[in-house]
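This chain uses plain numbering: 1 for the first residue, then up along the sequence.
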Amino acid sequence: MKKVFEMDIAKRAEIKAILEADPYGAVSFARNGYKTKDGADVGADSSKFYLCLKSEDEKFFSFAKEKLGALAVEAKQEIAQKVIVKIDEEEAGAEVGMGEIFG
């Protein structure tokens, strides 16, 4: 399951500190993995950026909401889908590129 959170781009440094905190904890953003996208990259509000999280464990999303607090809200479904599609396209392109290199 993937969830996308929306944040003000002006809060990027605060969000980055939260994402990078305690990378070796039993539950952490670094251990789980995450991707970010600027609003302009996905055809959305350029004053926003988006955090995409992927997990099969609902507890991780509860952890994320708690840690992000008032800095982030779940993105609307339409925007979330744009972010997920953009990230999936980039990952697929990277896999193809690596396949060509290591053939």
For the atom pair CZ (R12) and CG (L19), what is the distance rounded to the nearest 0.5 Å?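 Reported to 0.5 Å precision, the distance equals 10.5 Å.
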Any side-chain heavy-atom pair of I15 and T36 under 4.5 Å: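 With C-beta onward as the side chain, the pair stays apart.
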Looking at E66 and K59, is any side-chain nitrogen of the basic one under 4.0 Å from a carboxylate oxygen of the acidic one?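 The answer is no: the pair does not qualify as a salt bridge.
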Would you say I84 ends up clustered with I79 if hydrophobic residues are merged whenever their side chains have heavy atoms under 4.5 Å apart, either directly or through other cluster members?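 As far as the 4.5 Å side-chain criterion goes, I84 and I79 are connected within one cluster.
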To check you understand the geometry: which heavy-atom pair defines the closest contact between K54 and F61, and what is its length?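 Closest approach of K54 to F61, heavy atoms only: C-CZ, 4.4 Å.
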Reported NZ-to-CG distance for the pair K86 and D38, which is rounded to 0.5 angstrom: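 Atom-to-atom, K86:NZ and D38:CG are 11.0 Å apart.
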Could you see if M1 belongs to whatever hydrophobic cluster contains I87? Use Ile, Leu, Val, Met, Phe, Trp, Tyr and a side-chain cutoff under 4.5 Å.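 Not linked; separate clusters.
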Parallel, tilted or perpendicular: which one describes the rings of F63 and F29, with boundaries at 30° and 60°?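 Taking F29 first and then F63, their aromatic rings sit tilted (interplane angle of 30° to 60°).
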How many angstroms lie between CG in L53 and CD in E74, if you round to the nearest 0.5 Å?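 Result: 9.5 Å between the selected atoms.
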Between the side chains of K2 and D88, is the shortest nitrogen-to-carboxylate-oxygen separation below 4.0 Å, so that they form an ion pair?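 Salt bridge flag = yes for K2 with D88.
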Find out whether F49 and K11 are in side-chain contact, i.e. whether some heavy atom of one side chain is under 4.5 Å from a heavy atom of the other.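 Answer no - side chains too far apart.
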Would you say Y34 and M7 are hydrophobically clustered, going by side-chain heavy atoms of ILVMFWY under 4.5 Å?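 Yes; M7 is reachable from Y34 via cluster members.
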Identify whether L71 and F60 are in the same connected component of the hydrophobic contact network (ILVMFWY, side-chain heavy atoms under 4.5 Å).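 Looking at the clustering, F60 is in the same group as L71.
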Is there a path of hydrophobic side-chain contacts, each under 4.5 Å between heavy atoms of I, L, V, M, F, W or Y residues, that connects I18 with I9?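 Linked, I18 and I9 end up in one cluster.
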Do you know the tightest heavy-atom contact between Y50 and G39?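 Residues Y50 and G39, closest heavy atoms: CE1-CA, 3.6 Å.
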Looking at every non-hydrogen atom in both residues, tell me the closest pair between S28 and P23 and how far apart they are.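 The pair with the smallest heavy-atom distance is OG-O, 3.2 Å.
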Looking only at side chains, do D45 and S47 share a donor and an acceptor under 3.5 Å apart?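 Present: a donor and an acceptor within the cut-off.
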Charged N to carboxylate O below 4.0 Å: is that the case for K35 and E91?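 Salt bridge flag = yes for E91 with K35.
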I'd like to check N32 versus D57 (side-chain heavy atoms, cut-off strictly below 4.5 Å). Are they in contact?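 No, side chains not in contact.
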More than 12 heavy atoms from other groups under 6.0 Å of CD on E58: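 Result for CD/E58: enclosed.
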